[in-house]
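What you are looking at is a predicted structure, and each value in this text was computed from that prediction instead of being measured. Reckoned from all heavy atoms, side chains included, excluding hydrogens, waters and symmetry mates.
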Amino acid sequence: MKIVILARHALLLGLALCFATTVLVRTAAANPAQLISDFRVKHGEKRVTLDATLTRIAHDQAQAMAAKDQLDHDVLGRFNTRVDPAGAGRAAENIAYGYDSFPKTLDQWINSSGHRKNLLLPGATRVGVASVKSSKTGRMYWAMVIAGDYERKAPKSSPKSSPKESKQATAAKPKSRTAETCRLKILSLCL
């Protein structure tokens, strides 16, 4: 009788461990920094780690887009200003909406040339990812900020910076516009 009870306990313990291991492996695989790193390594770039400051910046952006139910890099202000507290020399931002999971969002970014370029930002070592659901529409808004060159921060809006540095720092952000009324907005162009 004791052997049967011990066998049942051992079986239950074994099943619990298998379940826990499966959940932990799936959770680890779903980590945005890990998924982005896996993609970057396949394309010759370094891995990135999750960064609290970049995650906060991404969360603030996602939250602002969800609150206004608007997909826009400028919804919370200019990207260069928003990312400045991170202290990075280079940074880029990707945004999206409508996807219910990060792997689906990442897949969309990978299949878009501009977003893909940001994911493969040379010298990037840190990333922040966040999503917030719109209370109005239920749409999920995503923001990712990827950054690098922490050891040699680029000067603030130096007029003599090279076009490559300037393009890299604002890779996903459209140029700032003066206050104007848009009758039609196509690919961040105000017509």
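Listed here is the closest heavy atom pair of L54 and V127: CD1-N, 3.7 Å. Heavy-atom minimum distance, L50 versus G128: CD1-CA, 4.5 Å. The heavy-atom pair separating I146 from V48 by the smallest distance is CD1-CG1, 4.2 Å. Shown here for M144 and L119, the closest heavy-atom pair between the two residues is SD-CD2, 3.5 Å. Shown here for K46 and A124, the closest heavy-atom pair between the two residues is CB-O, 4.2 Å. For the residue pair Y150 and G87, the shortest heavy atom distance occurs at CD2-O, 3.6 Å.
From Q34, atom CD reaches atom CZ of R47 across 5.0 Å, with rounding to the nearest 0.5 Å. Atom NZ of K104 is separated from atom CE of M140 by 11.0 Å, given to the nearest 0.5 angstrom.
Residues F39 and F102 share a single hydrophobic cluster, defined by chaining ILVMFWY side chains whose heavy atoms lie under 4.5 Å apart. There is no path of hydrophobic side-chain contacts, each under 4.5 Å, that joins V132 to I57.
Contact of the H115 side chain with the Q108 side chain is registered, since non-hydrogen atoms from C-beta on lie closer than 4.5 Å. Under the 4.5 Å side-chain criterion, counting only non-hydrogen atoms from C-beta, R82 is in contact with L76. F79 has its side chain out of reach of H73: every pair of non-hydrogen atoms, C-beta onward, lies at least 4.5 Å apart. Residues L106 and P103 are not in side-chain contact: their nearest non-hydrogen atoms beyond the backbone lie 4.5 Å or more apart. Between K68 and S134 there is no side-chain heavy-atom pair separated by less than 4.5 Å. Contact check for M65 versus I95: side-chain heavy atoms found under the 4.5 Å cut-off. Two residues are said to be in side-chain contact when any heavy atoms from C-beta on lie closer than 4.5 Å; Y141 and K133 fail this criterion.
Remark: the W142 side chain and the T105 side chain contain an N/O donor-acceptor pair separated by less than 3.5 Å.
Checked by atom type and distance alone, the side chain of Q61 pairs as donor or acceptor with a backbone atom of D72 at under 3.5 Å. In this structure, the side chain of R40 does not engage the main chain of E45 through any donor-acceptor pair within 3.5 Å.
Look at D38 and K42 and you find no salt bridge, because none of the NZ, NE, NH1 or NH2 atoms lies under 4.0 Å from a carboxylate O. Contact check on D74 versus R78 returns no salt bridge, with no Lys/Arg side-chain nitrogen under 4.0 Å from an Asp/Glu carboxylate oxygen.
Evaluated for a side chain to side chain contact (heavy atoms under 4.5 Å, CB included) with V129, the options L35, I36, T55 yield exactly one hit, I36.
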List the steps and the verdict of side-chain hydrogen bond (donor to acceptor under 3.5 Å, both in side chains) for Y97 and D69. CA-CA 9 Å; Y97 76 89; D69 211 20; over 6 Å; no
